[in-house]
Amino acid sequence: MFLLDSDYKTFNDKPYVRLILKNGTKKEVFYKDFEPYIWAVCDEREIDSKIRVIEDITTEVQNKSLKVKACTIEDRYLYGNKVKAIKIIFNHPSDVPNLRKEIENVTDIYEYDIPFARRFLIDKDILPATEYNFNLSEEGEFSIVNDFQIINKKKISVRPLAFDIEVYCKSKPDAQRDPIIMIGISTNDLDRVFTYKKVTADYIEVVDNETLMVKKFLDFLQDYNPDIIYTYNGDTFDFPYIYERAKKLKISHPILNDMRFDKRGINDSSKIPGMVHIDLYPLSRKLLSLNKYTLENVYLNFLGKEKSKIYLLEMDKFWEEGTQDGLLAIAQYNKEDAIAAKEIGEAIGPLEIELSRIVGQNIFDISRMASSNMVEYLLMKRAFEEKTIVPNKPKGSEYLERSSTSYEGGFVLEPKKGLREHIAVFDFRSLYPSIIIAHNIDPNTIGCDCCDNTSPEGVNFCLNKKGFIPEILKEIIQRRVEIKNKLKSTSDKTEKTIYQSQQWALKILANSFYGYMGYPRSRWYSKEAASSIASWGREYIHKAIKIAEDMGLNVLYGDTDSLFVGLGSEDMEKSKEYRDKVNSTLPDFMELEFQGYYRRGFFVSKKRYALIDKENNISTKGLEVVRRDWAEIAKKTQEAVLKTILEGKGPEKAAEIVIKTTEELIEGRIPVEDLVIYTQLTMPLASYKQIGPHVIVAKHMLERGEVVGAGSIISFVVRNGDGMVRDRSYDVEEFKKAGYKYDSDYYIDNQVLPAVMRILKGFGYTEENLKFSKHKQMTLGDFF
DNA sequence: TGGAAGCGGGG
DNA sequence: GTGTACGCTTCCA
């Protein structure tokens, strides 16, 4: 049996930890005797009197009087020192925030903000997604956990389901108005699409109306009872939409009662207890480095697969017309989206499971946690084992102070601009983790007189004192080495997937320790540690650059732990020679790795470059404009420029494209559709202090009786004339109806040129020589 | 120049 | 839920 998910429930004012266990089937069980607690530390001579004060604290909440349950004295460590700590035990987790303020007036407190169910996993040393023997007994209608033992088995089996909905809408989907037209499902057993207009295919099930379709889906979910639900953006779209729509349609269903929505600013989440919802959109953003995170793009770039496309307008039309072909096109698209989500889930899900097993927190939480947060839970688990009290998160003022003090990060070499051929890319393997271990960098090892271990920043770290963080990191690195060896020696496909995910999980964690110590919200924050790590890193990359230059190699660019070297030809021997030479000078634990060869590329400025490999795969960094607040003409022109240069046709050819576009703009030949800029109103109109074009346009639309407000996406075009841009902006309909002419200067100077200049700046072009001019005779010489 | 505001994915 | 939250870029004032 393994733990799939956990939380807690209250019965008769007492908290019970609820565990969802899986063993072929799912079982809900409870743990009775876990008590919420926090730590208090004060001068040892005052312990008894402080305890008496704490035990007397009473507070009223909703006519109920709250008191702490009990206090005990325990031996603990705090910041490396042995202390007698007061363990303050509470009756219920919600008593902690209610009594906390008053206790804080009496003495310093710790570990007051660790959620109850998470605390349970830490203290009881239960790893989710890991096989255990749970000894259960029945008490009335409840299953109670008596005890448990871990079984060392690496394989668990989970039952996934992915789904996706399609909505019929004219603008932004609104659950009060716009119906769901199809729901697609993909599992290991079947792929299915539910809809309610007549269309025939073996995977489609047609019901009478939307209400029955939604019910059918909810029934399916309940009957299939998946362990994991994969969606793409289900946190903020599919789940809330189904919920709202079901409410509107007056559907009642047990699944709806179980759904929970957690709105936390940017981090919304949707969940059904017992079914772990993994939203692949935020995960893809976290794990993959792409310049666009549409399902289509992730599917293509991560799995190398394509799926059928459909335009929103097309979908509306197909649904309205209701022809077999049209409906089939929507259904096919819907099905393939669900399949894509499932396949991406199968590639990423195992990683989340491994992270969950290593960090010791629920898969659901892990899939939504930033990696620095995972590091923190890992450290907290270890701290508990070592009887160490966890440091507090910074309070508001301290957080602000930490945020405002910056330190020098990695070294970034100013790139050699222009087009280059034969580029070898090298990376230091785990540069920062290696430094942390080698130099024993930890908030508690800072400052000693006994060791010769001072960072270029001037901070000394003791090598004789045990460093909590480097110890844990060392174990992670060692585990990863072992797993990579196992990976090499197995040919079993399932084992390979597991090892692959395990080593990926360990790599993510190892690489997050540096960021963790420099992250202002960390419990184990240390600016000295983080800045020292970075300073040692700079030293290593400088040495590697020096070696390249001594070998006569052309270092084109470098950033923190990577180097881009011009080889002059496709000289793999030279590349190897360089790598080996650097490695012979590095300490054992560190290694420069050859990452790849690119036949062509260019560097514009720090963090901005593009490369093309032998298979014509283009990778870019910091260049592309793919956001909706850029007009199509800017995106199109930029893409053409990028391709032209990387294909080796020369920047002159790219410049010609730009000049031609500006000419077409001036002559009014660009269709209005390519000039639309989309901007969302994020607040009520009255709240705006800075009035942008979209705000004015929205006001006009409102005056005309159109429904716009917070959340509306305003599309506008800029008209020619003088004055502020915002006073010349109109929504597309009005712009067309009035027969306005667009402002070519605006589109040239604020859209096309900034987009292409990101690239062409590196080739010596200025805005001026990319604009079409009737009077100017262009020659190559003008450009340089 | 600082700070306000928008972006992202989904249909 | 013992948790109040991103990281960057662009433009207005």
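Please read all numbers here as calculations on a predicted model, not as lab measurements. We name chains A, B, ... by the order of the sequence lines, and we start the count at 1 in each one.
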> Counting side-chain heavy atoms from CB outward, which of dT2(C), dG9(B), dC7(B) is closest to Y281(A)?
Replying inline: dG9(B)
>> Between P on dC7(B) and CG on L290(A), what's the gap in Å once rounded to a whole number?
In response: 21 Å
> Atom CZ of R628(A) to atom C1' of dT9(C): distance rounded to whole Å?
Replying inline: 15 Å
> Which part of the nucleic acid, if any, lies within reach of P93(A) when heavy atoms closer than 4.0 Å are counted: base, sugar-phosphate only, or nothing?
Replying inline: base
> Going by atom types alone, do D164(A) and N334(A) pair a side-chain donor with an acceptor below 3.5 Å?
Replying inline: yes
> To the nearest Å, how far apart are N297(A) CG and dG8(B) C1'?
Replying inline: 13 Å
> Choosing from dG8(B), dG10(B), dT2(C), which nucleotide comes nearest the side chain of F237(A)?
Replying inline: dG10(B)
> Pick from Y37(A), Y8(A), Y31(A): which one makes a ring-ring contact (aromatic ring centres under 6.0 Å, His included) with F120(A)?
Replying inline: Y31(A)
> Reckon D164(A) touches a base, only the sugar-phosphate, or nothing at all at heavy-atom distances under 4.0 Å?
Replying inline: sugar-phosphate
>> K309(A) and salt bridge (charged side-chain N to carboxylate O under 4.0 Å, His left out): which single residue from E314(A), E336(A), E296(A) fits?
In response: E296(A)
> Reckon D337(A) touches a base, only the sugar-phosphate, or nothing at all at heavy-atom distances under 4.0 Å?
Replying inline: sugar-phosphate
>> Show the nearest heavy-atom pair for residues A530(A) and G518(A), with the distance to one decimal.
In response: CB-CA, 3.7 Å
> Would one find a side-chain N or O of Y8(A) under 4.0 angstrom from OP1 or OP2 of dT2(C)?
Replying inline: yes
>> So, OP1 or OP2 of dG10(B): does either fall under 4.0 Å of a side-chain N or O from K172(A)?
In response: no
> Side chain of N297(A), backbone of Y293(A): donor and acceptor closer than 3.5 Å?
Replying inline: no
> What orientation do F30(A) and Y16(A) show, parallel under 30°, tilted 30 to 60°, or perpendicular over 60°?
Replying inline: perpendicular
> Heavy atoms under 4.0 Å, any strand shown: does F116(A) hit a base, just sugar-phosphate, or nothing?
Replying inline: base
> When the distance from CG of L287(A) to P of dG8(B) is rounded to whole Å, what number comes out?
Replying inline: 21 Å
> Of D235(A), N267(A), N362(A), which is the lone residue that meets side chain to side chain donor-acceptor pair (under 3.5 Å) with R368(A)?
Replying inline: D235(A)
> What nucleotide among dA5(B), dC6(C), dT2(C) has an atom nearest to a side-chain atom of H694(A)?
Replying inline: dA5(B)
> Where each residue is assigned the nucleotide of DNA chain C containing its nearest heavy atom, which of R726(A) and W630(A) is assigned the position nearer the 5′ end?
Replying inline: W630(A)
> Could you give the CG-to-C1' distance, from N291(A) to dT9(C), as a whole number of Å?
Replying inline: 15 Å
> dG8(B) C1' sits how many Å from D235(A) CG, rounded?
Replying inline: 14 Å
> When the distance from CZ of R627(A) to P of dG9(B) is rounded to whole Å, what number comes out?
Replying inline: 10 Å
>> Under 4.0 Å, heavy atoms only, any strand: does R368(A) hit a base, just the sugar-phosphate, or nothing?
In response: nothing
> Just checking Y110(A): base, sugar-phosphate only, or nothing, at a heavy-atom cut-off of under 4.0 Å?
Replying inline: nothing
>> Is the phosphate of dT2(C) approached by R100(A) (side-chain N or O, under 4.0 Å from OP1 or OP2)?
In response: no
> Using a cut-off of 4.0 Å on non-hydrogen atoms, how would the nucleic acid contact of I180(A) be classed: base, sugar-phosphate, or nothing?
Replying inline: nothing
> Looking only at atom P, what distance separates dG10(B) and dA5(C), rounded to whole Å?
Replying inline: 27 Å
> Hey, which of these two, K170(A) or D629(A), hits DNA chain B nearer its 5' end, going by closest nucleotide?
Replying inline: D629(A)
>> Please give me the minimum heavy-atom distance between V390(A) and Y110(A), naming the atom from each residue.
In response: O-CD2, 3.8 Å
> Say you draw a straight line from NZ of K64(A) to CG of N98(A); how long is it, rounded to the nearest 0.5 Å?
Replying inline: 10.5 Å
> Of all the nucleotides listed (dG8(B), dG10(B), dT2(C)), which has the minimum atom distance to the side chain of N233(A)?
Replying inline: dG10(B)
>> Does anything in residues 679-693 of chain A come within less than 4.0 Å of DNA chain C? Heavy atoms only, and list the residues if so.
In response: Q690(A), I691(A)
>> Any base atoms under 4.0 Å from R118(A), or only sugar-phosphate, or nothing? Heavy atoms, all strands.
In response: base
> To the nearest angstrom, how far is I89(A) atom CD1 from dT2(C) atom C1'?
Replying inline: 15 Å
> Base, sugar-phosphate alone, or nothing: which one does Y678(A) contact when heavy atoms must sit under 4.0 Å apart?
Replying inline: sugar-phosphate
> Counting any heavy atom closer than 4.0 Å, what does Y232(A) reach on the DNA or RNA strands: base, sugar-phosphate only, or nothing?
Replying inline: sugar-phosphate
